[in-house]
Enquirer: 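One structure coming up, written as structure tokens, with questions to follow.
When a ligand or atom number is given, it counts from 1 through the structure's own listing order.
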Amino acid sequence: MLNFEWYNPTRLLFGADQIAKLKSLIPPGAKILLAYGGGSIFQNGVHQQVVEALEGYTVVPFGGIEPNPHYETLMKAVELIRAENISFILAVGGGSVIDGVKFISAAVKFAGDPITIIRERMLIKENAIPFGTVLTLPATGSEMNSGSVVTIAATQEKLSFGGEALFPQFSICDPTVVQSLPTRQIQNGLIDAFVHVMEQYLTFPQQADLQDRIAEGILQTLIETAPKVLQNPSDYQAASNLMWCCTMALNGLISKGVKVDWATHAIGHELTALYGIDHARTLAIIGPNLYRVLFESKKEKLAQYGKRVWQISAASDDQIAAEAIERTTAFFKQTGMPTTISECTEDADKAIPFIVARFKDRQWTALGEHQNLDLEKLEQILQKSL
Ligand code: NZQ
Ligand code: ZN
């Protein structure tokens, strides 16, 4: 196991009716920016609960943070905070609102042009405005990590950044929010969390036994939960299992002490930037094809995954590894995911030249846990994904 340090200061409040505790979490007298997305919080009762819990505070609303949040939109909130002397931000929404708030929090006191935070994928260690979150969509894990992904609409760039000053001070995770989610977003949450685990787990045997078994436990729980929560989003126990899996998949725990991959996400972000495909759907398309192209370097772990998560038995480990990829694709399809770019756009052919040129420009020519994902392999992955 590699040396590691784990820091995660986010206070997590999990369960029904926890929104009422907001008052005990935000400093008295704080002037709050209430940041939200396109308005789902007005339909599902979350806004009402938040407003009631914040009685007595001065609250300035900021809505309109779009999925795959735009730098251009977020800068309007930055200006509002500066003009109104706001001291605390409350993000009420899914990963996009929370990520957007992380950028806003970093940008307000940033010396220089805040676009640099995204372009140079800066590490933000200080000078951020404190914020908390009320999660309305289990998927990204953003509620308990310090990462953020923001799109610069003008140049169609979707880039991640982060840093220890960008952990939420608290996050309220109430599984009853799953009831109001469109099926598409439940599908997205399941598969985003699944692939988060795979990015940290599906590398090569690293003798990190506990990390492996926690990862396998999350994967198995997601597989068991998927049909239940899709069939009945009001099933509180199923929704709770989904929500906790999503948080645990990306709160830092399972990546400690091991080398990780994250190339599926890097490629997937380009598909979102180019075509607007939902984040999780890009992962369902790219993930299995990446495992196929990098089969030789991932096959030992694929075989472990096949045996422990899918209980596959076959004559050889190579067969188990290959079958494990097929099971993964079948699971994604059963969950309602597309597994090719052509299912999402008529313009699939653009993907290869666009993404290969992007990676070349950024000198992303050695991704993955072995730095063996070069431009040639990238092209092969995309070719299989068309
Ligand atoms: O905007 P509103 O009206 O709230 O509607 C949203 C949005 O249209 C809707 N929604 C959310 N909660 C709802 C609801 N509708 C009904 N009832 C509710 N309870 O769902 C739609 C999608 O929301 P969004 O926040 O975009 O989805 P998600 O949580 O999947 O976030 C995706 C973003 O997170 C980034 C992705 O790249 C993408 O930009 N990620 C962030 C990560 C992180 N910070 O650690 C890691 C991930 O890998 C990911 O990259
Ligand atoms: Zn993701």
Enquirer: Does at least one non-hydrogen atom of Pro182 fall below 4.0 angstrom from an atom of ligand 1?
Expert: yes

Enquirer: Does any non-hydrogen side-chain atom of Met243 lie less than 4.5 Å from one of Glu143?
Expert: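 Sidechains of Met243 and Glu143: no contact.
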
Enquirer: As an exercise, identify every atom of ligand 1 less than 4.0 angstrom from a heavy atom of Leu250.
Expert: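 Heavy-atom distances to Leu250 below 4.0 Å select 45 (O), 46 (C).
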
Enquirer: Can you name the atoms of ligand 1, numbered from 1 with element, that are less than 4.0 Å from a heavy atom of His269?
Expert: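 Near His269, the atoms of ligand 1 are 37 (O), 50 (O).
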
Enquirer: Using side-chain contact (heavy atoms from CB on, under 4.5 Å), reason through Lys158 and Glu270 one step at a time and then give a plain yes or no.
Expert: CA-CA 7 Å; Lys158 188 178 184 204; Glu270 297 303 331; over 6 Å; no

Enquirer: For Gly95 and ligand 1, does the shortest N/O to N/O distance drop below 3.5 Å?
Expert: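 Gly95 vs ligand 1: N/O contact under 3.5 Å present.
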
Enquirer: Side chains of Gln304 and Asp212 only: does a donor on one sit below 3.5 Å from an acceptor on the other?
Expert: yes

Enquirer: Record the part of Asn44 in heavy-atom contact with ligand 1 below 4.0 Å; permitted values are side chain, backbone, both and neither.
Expert: side chain

Enquirer: I need the contact type for Asn68 against ligand 1. Using non-hydrogen atoms and a strict under-4.0 Å cut-off, is it side chain, backbone, both or neither?
Expert: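 For Asn68, backbone and side-chain atoms both sit under 4.0 Å from ligand 1.
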
Enquirer: For Arg121, does the CZ atom sit with more than 12 other heavy atoms under 6.0 Å from it, leaving out its own atoms?
Expert: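 Buried by this count: over 12 neighbours within 6.0 Å.
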
Enquirer: Rounded to 10 degrees, what angle sits at the Zn ion (ligand 2) between His196 NE2 and His279 NE2?
Expert: 170°

Enquirer: Compute the minimum heavy-atom distance from Gly93 to ligand 1 and say whether it is under 4.0 Å.
Expert: no

Enquirer: Between Thr10, Thr133, Asn251, which is the residue that forms a side-chain hydrogen bond (donor to acceptor under 3.5 Å, both in side chains) with Ser171?
Expert: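 When Thr10, Thr133, Asn251 are each tested with Ser171, the side-chain hydrogen bond (donor to acceptor under 3.5 Å, both in side chains) holds only for Thr133.
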
Enquirer: Tell me yes or no: between the side chains of Tyr71 and Glu157, is some donor less than 3.5 Å from an acceptor?
Expert: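 Note: Tyr71 and Glu157 side chains miss the donor-acceptor criterion.
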
Enquirer: Heavy-atom count check: over 12 atoms from other residues, nucleotides or ligands less than 6.0 Å from Lys256 NZ?
Expert: yes

Enquirer: Please check if the side chain of Gln363 supplies one atom and the backbone of Lys360 the other of a donor-acceptor pair under 3.5 Å.
Expert: no

Enquirer: Could you check Phe88 against Tyr57 for ring-ring contact (aromatic ring centres under 6.0 Å, His included), going step by step and ending with a plain yes or no?
Expert: CA-CA 11 Å; Phe88 195 92; Tyr57 287 93; 8.6 Å; no

Enquirer: Using heavy atoms and a 4.0 Å limit, tell me yes or no: is Gly39 in contact with ligand 1?
Expert: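 A heavy atom of Gly39 does come that close to ligand 1.
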
Enquirer: Taking both backbone and side-chain atoms of Ile41, is any N or O found less than 3.5 Å from an N or O belonging to ligand 1?
Expert: no

Enquirer: Evaluate the criterion side-chain contact (heavy atoms from CB on, under 4.5 Å) for residue pair Leu54 and Leu90; output intermediate values, then yes/no.
Expert: CA-CA 11 Å; Leu54 292 181; Leu90 184 64; 4.0 Å; yes

Enquirer: Students should be able to answer this: which protein heavy-atom is nearest to atom 17 (N) of ligand 1, and at what distance?
Expert: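 For atom 17 (N) of ligand 1, the nearest protein heavy atom comes out as Ser180 OG, 2.9 Å.
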
Enquirer: Looking at Asp192, which of its N, O or S atoms is the nearest one to the Zn ion (ligand 2)?
Expert: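 Among the N, O or S atoms of Asp192, the one closest to the Zn ion (ligand 2) is OD1.
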
Enquirer: Could you check whether atom NZ of Lys23 has more than 12 heavy atoms from other residues, nucleotides or ligands sitting under 6.0 Å from it?
Expert: yes

Enquirer: Determine whether any heavy atom of Gln179 lies closer than 4.0 Å to an atom of ligand 1.
Expert: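 So Gln179 does not count as touching ligand 1.
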
Enquirer: Among protein heavy atoms, which lies nearest atom 1 (O) of ligand 1, and at what distance?
Expert: Gly38 N, 2.7 Å

Enquirer: Test of understanding: given a 4.0 Å heavy-atom threshold, classify the contact between Ile98 and ligand 1 as side chain, backbone, both, or neither.
Expert: neither

Enquirer: Is Glu199 reaching over with its side chain to a backbone N or O of His196, donor-acceptor style, under 3.5 angstrom?
Expert: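 No: the side chain of Glu199 does not pair with the backbone of His196.
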
Enquirer: Which protein heavy atom lies closest to atom 30 (O) of ligand 1, and at what distance to 0.1 Å?
Expert: Ala139 CB, 3.8 Å

Enquirer: Work out whether the distance between some heavy atom of Glu66 and some atom of ligand 1 is less than 4.0 Å.
Expert: no

Enquirer: In terms of residue, atom name and distance, what is the protein heavy atom nearest to atom 13 (C) of ligand 1?
Expert: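 Heavy-atom neighbour on the protein nearest atom 13 (C) of ligand 1: Leu181 CD2, 3.3 Å.
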
Enquirer: State, with a plain yes or no, whether a side-chain heavy atom of Val258 is found less than 4.5 Å away from one of Gln200.
Expert: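 No, their side chains stay 4.5 Å or more apart.
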
Enquirer: Between ligand 1 and Pro67, is the shortest N or O to N or O distance under 3.5 Å?
Expert: no

Enquirer: Assess whether atom CD of Gln311 is packed by more than 12 heavy atoms of other residues, nucleotides or ligands within 6.0 Å.
Expert: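 Counting neighbours around CD of Gln311, more than 12 heavy atoms of other residues, nucleotides or ligands fall under 6.0 Å, so yes.
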
Enquirer: Would you mind listing which atoms of ligand 1 come within a distance below 4.0 Å of any non-hydrogen atom of Gln185?
Expert: 20 (O), 21 (C), 22 (C)

Enquirer: Taking the side chain as everything from C-beta on, heavy atoms only, tell me whether Arg358 gets closer than 4.5 Å to Phe354.
Expert: yes

Enquirer: What are the atoms of ligand 1, with element, lying closer than 4.0 Å to any heavy atom of Val177?
Expert: 19 (N)

Enquirer: Looking only at protein heavy atoms, which one is nearest to atom 27 (O) of ligand 1, and how far off is it?
Expert: Leu137 CD1, 3.3 Å

Enquirer: Indicate the ring-plane relationship of His265 and His279, choosing parallel, tilted or perpendicular according to the 30° and 60° boundaries.
Expert: tilted

Enquirer: Just jot down the ligand 1 atoms closer than 4.0 angstrom to any heavy atom of Thr136, in number order.
Expert: 11 (C), 12 (N), 13 (C), 18 (C), 19 (N)

Enquirer: Is the closest heavy atom of Asn188 to ligand 1 under 4.0 Å?
Expert: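 Heavy atoms of Asn188 never come under 4.0 Å of ligand 1.
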
Enquirer: Under 3.5 Å, is there a donor-acceptor pair between the Thr345 and Asp347 side chains?
Expert: no

Enquirer: What atoms of ligand 1 come within less than 4.0 Å of a heavy atom belonging to Gly37?
Expert: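 Reading through ligand 1 atom by atom, the close ones are 1 (O).
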
Enquirer: Report the nearest protein non-hydrogen atom to atom 32 (C) of ligand 1: residue, atom name, distance rounded to 0.1 Å.
Expert: Ser96 OG, 3.7 Å

Enquirer: Nearest protein heavy atom to atom 35 (C) of ligand 1, by residue and atom, and its distance?
Expert: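 Here the closest protein heavy atom is Asp99 OD2, 3.5 Å.
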
Enquirer: Could you name the option among Leu135, Thr140, Ile65 that has the heavy atom nearest to atom 42 (C) of ligand 1?
Expert: Thr140

Enquirer: Within 45° of the ring axis of Phe131 and under 6.0 Å from its six-membered ring centre, is that where the NZ or CZ of Lys102 lies?
Expert: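 Geometry flag: not set, cation outside 6.0 Å or 45°.
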
Enquirer: Which of the numbered atoms in ligand 1 are under 4.0 angstrom from any heavy atom belonging to His265?
Expert: 48 (O)

Enquirer: Of the protein's non-hydrogen atoms, which lies at the shortest distance from atom 4 (O) of ligand 1, and what is that distance?
Expert: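 Answer for atom 4 (O) of ligand 1: Ser40 OG, 2.8 Å.
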
Enquirer: Pull out every atom of ligand 1 sitting under 4.0 Å from any heavy atom of Lys158, numbered as shown with elements.
Expert: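 Atoms satisfying the 4.0 Å criterion: 36 (C), 37 (O), 38 (C), 39 (O).
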
